[in-house]
Amino acid sequence: MSVLQLNKLVKRYDSVEVLHGIDLKVHKGEFLVLIGPSGCGKSTLLRMLAGLEDITSGSLTLDGKEINDVPSQKRDFSMVFQSYALYPHLTVYENIAFGLKVRKADQAHIDKMIDWAADILNLAPLLQRTPKQLSGGQCQRVAMGRALVREPKLFLFDEPLSNLDAKLRIQMRAEMKALHLKLQTTTVYVTHDQVEAMTLADRIVVMNVGVIEQIGTPLELYDNPVNLFVAGFLGAPAIAFIRGTVQNREGQLGVAVQDTQQGTENTFIPVQHVDVAVGQEIVLGIRPEFFQLQTAGQQSCILKVKVKFIEAMGAESYVHGQVCGQDLIAKTALRLDYQPGQIIDVGVDLTALHVFDANSGLRLSN
Ligand code: ADP
Ligand code: MG
């Protein structure tokens with residue numbers, strides 16, 4: 001069941017249209033993540049849901065009723081911003097209680113809710129401090145507490161973890177997930193961090209310059225990106241894109257990749273089960289885990305890869321290299337001692353290729 005429905009939502013600032021007709025259903029209880037590059041319109045969309053920005057055209061419905069003109073404070077949503085927007089002169093307790101006091105909740109209810117939120121968020125020892133006596137992570141928890149105690153119909157988060165250092169961000173990410181599992185409150189969460197999106201979301205909405213590119217579960221998007229943009233946006237290290245022209249060699253269709261730089265022969269990568277035509281420009285997408293270093297599998301093709309450098313992470317290593325002058329990153333659990341400039345044989349699992357049309361950017365394979 002969808003709680004919130006966005007129908008052809010458009011946002012224009014003067015003559016500039018920044019959202020071009022967004023259609024989206026937010027299901028009850030789900031954790032929906034909006035992701036996309038900076039400036040694509042995520043915050044604008046979230047602020048429209050919150051009632052902090054006017055809707056230029058289209059309709060926004062909550063439980064079937066249009067709420068385009070319902071003011072923010074009557075929407076029963078709680079929003080947490082990147083800058084926590086705490087009141088500096090109020091204590092943690094007063095910050096969390098603020099929204100309840102405005103709504104004239106009785107003191108017993110306020111105390112009960114603050115005890116509950118303080119317990120969930122480990123804020124009990126901090127309740128009498130003011131924000132300047134808190135770390136970034138603690139401020140973030142206070143902002144969350146303030147959102148929680150209102151028991152809203154919907155949580156709206158705009159990059160709530162992006163001001164935290166890396167370690168705390170990972171810790172808070174896990175806490176957000178645990179909290180959602182506990183409370184099951186419908187959540188719309190904006191981030192530009194694809195790891196956050198992959199780990200937190202029930203469904204991800206990938207946005208780009210004011211439109212939605214694709215909606216799906218994290219693994220649907222990872223395994224079946226509809227276009228080059230989505231393929232390139234999700235996944236770390238990034239997917240490799242190898243560009244070439246379709247040729248028929250002895251009855252086998254494949255991509256001929258011209259070597260522009262390293263003076264080795266051109267490469268031919270067979271493509272299977274895809275509708276492509278001889279002469280068509282296509283882009284192969286290969287995720288880092290589908291390159292095979294040292295052991296090539298059955299359905300593989302061998303590439304001559306020129307090593308640029310290796311990032312050794314401990315449990316795994318990333319080999320940065322080039323095939324025919326085009327960049328790729330291969331991931332492996334092996335510890336390797338390749339030298340920069342060395343040419344190595346790397347297998348590619350042909351069953352895991354993503355095939356895109358180079359001109360439209362659209363996926364051709366299933
Ligand atoms: P994101 O959150 O994805 O980084 P925003 O929603 O903040 O992107 O911005 C989307 C686009 O709208 C950007 O091009 C931005 O410059 C523009 N924009 C945002 N707010 C305003 C405003 N108040 N007036 C004019 N343009 C704006
Ligand atoms: Mg933003």
Side-chain angles (χ1 to χ4, degrees), residues 4-26 31-60 67-69 71-72 75 77-86 136 139-140 143-144 146-147 154-166 168-169 172-173 176 186-201 203-216 218 221 225-236 238 361:
L4 201 62
Q5 198 161 337
L6 291 63
N7 302 301
K8 307 237 168 325
L9 280 196
V10 170
K11 180 65 186 180
R12 216 175 285 130
Y13 291 109
D14 299 323
S15 61
V16 183
E17 190 172 293
V18 297
L19 291 170
H20 308 298
I22 301 289
D23 288 312
L24 181 63
K25 287 178 180 163
V26 184
F31 199 114
L32 187 80
V33 174
L34 304 181
I35 190 167
S38 182
C40 73
K42 306 179 295 294
S43 295
T44 304
L45 185 59
L46 201 72
R47 292 171 58 81
M48 286 160 81
L49 304 186
L52 301 171
E53 289 284 354
D54 291 338
I55 293 168
T56 307
S57 68
S59 79
L60 176 64
I67 57 163
N68 286 35
D69 299 320
S72 178
R75 289 193 186 186
F77 302 162
S78 273
M79 183 143 170
V80 177
F81 300 90
Q82 178 178 349
S83 64
Y84 315 117
L86 301 178
C139 285
Q140 207 276 346
M144 292 275 299
R146 195 172 51 180
L154 203 77
F155 284 128
L156 302 172
F157 291 107
D158 193 353
E159 312 220 16
L161 307 184
S162 60
N163 280 344
L164 306 179
D165 66 47
L168 195 55
R169 200 158 63 226
M172 286 306 294
R173 191 171 81 204
M176 298 275 306
T186 311
T187 300
V188 181
Y189 185 103
V190 163
T191 182
H192 64 269
D193 176 345
Q194 58 99 22
V195 179
E196 247 171 56
M198 293 296 287
T199 51
L200 284 172
R203 290 192 304 151
I204 296 176
V205 178
V206 181
M207 293 179 63
N208 187 23
V209 288
V211 299
I212 291 177
E213 297 277 355
Q214 191 172 4
I215 305 172
L221 300 196
V226 293
N227 58 32
L228 287 169
F229 180 83
V230 176
F233 202 80
L234 295 179

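Just so you know, ligand 1 is whichever comes first in the structure, and atom 1 is the first atom listed for that ligand.
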**Complete:** Correct closest heavy-atom pair for Leu221 and Ile215 would be CD2-C, 3.9 Å
**Message:** I want to check something: taking the side chain as every heavy atom from C-beta on, are Lys8 and Ser57 in contact at a cut-off of under 4.5 Å?
**Reply:** no
**Message:** Give me the atom names and distance for the closest heavy-atom approach of Ile35 to Lys42.
**Reply:** C-CD, 3.9 Å
**Asked** Counting heavy atoms not belonging to Asp54, are there more than 12 under 6.0 Å from its CG?
**Response** no
Could you go through ligand 1 and list every pair where one of its N or O atoms sits under 3.5 Å from a protein N or O, giving the atom names and the distance to one decimal?
{"unit_1": "ligand 1", "atom_1": "2 (O)", "unit_2": "Ser43", "atom_2": "N", "d": "2.9"}
{"unit_1": "ligand 1", "atom_1": "2 (O)", "unit_2": "Ser43", "atom_2": "OG", "d": "2.8"}
{"unit_1": "ligand 1", "atom_1": "3 (O)", "unit_2": "Cys40", "atom_2": "N", "d": "3.2"}
{"unit_1": "ligand 1", "atom_1": "3 (O)", "unit_2": "Gly41", "atom_2": "N", "d": "3.0"}
{"unit_1": "ligand 1", "atom_1": "3 (O)", "unit_2": "Lys42", "atom_2": "N", "d": "2.9"}
{"unit_1": "ligand 1", "atom_1": "3 (O)", "unit_2": "Lys42", "atom_2": "NZ", "d": "2.9"}
{"unit_1": "ligand 1", "atom_1": "4 (O)", "unit_2": "Gly39", "atom_2": "N", "d": "2.6"}
{"unit_1": "ligand 1", "atom_1": "6 (O)", "unit_2": "Ser43", "atom_2": "N", "d": "3.4"}
{"unit_1": "ligand 1", "atom_1": "6 (O)", "unit_2": "Thr44", "atom_2": "N", "d": "2.9"}
{"unit_1": "ligand 1", "atom_1": "6 (O)", "unit_2": "Thr44", "atom_2": "OG1", "d": "2.5"}
{"unit_1": "ligand 1", "atom_1": "8 (O)", "unit_2": "Gly41", "atom_2": "N", "d": "3.3"}
{"unit_1": "ligand 1", "atom_1": "20 (N)", "unit_2": "Tyr13", "atom_2": "OH", "d": "3.3"}

**Message:** Is the ring pair Phe157/Phe31 parallel, tilted or perpendicular, if the boundaries are 30 and 60 degrees?
**Reply:** parallel
**Request:** Taking atom NE2 of His192 as the centre, report whether more than 12 heavy atoms of other residues, nucleotides or ligands fall under 6.0 Å from it.
**Result:** no
**Fill in**
Heavy-atom nearest pair, Phe229 first then Pro37, reads CZ-CD, 3.6 Å
**Request:** Would you indicate whether the side-chain heavy atoms of Leu9 and Leu19 approach each other to under 4.5 Å?
**Result:** no
**Around the Mg ion (ligand 2), number of protein N/O/S atoms which are nearer than 2.8 Å** = 1
**Considering all heavy atoms, the nearest Ala50-Met79 contact** = CB-SD, 3.6 Å
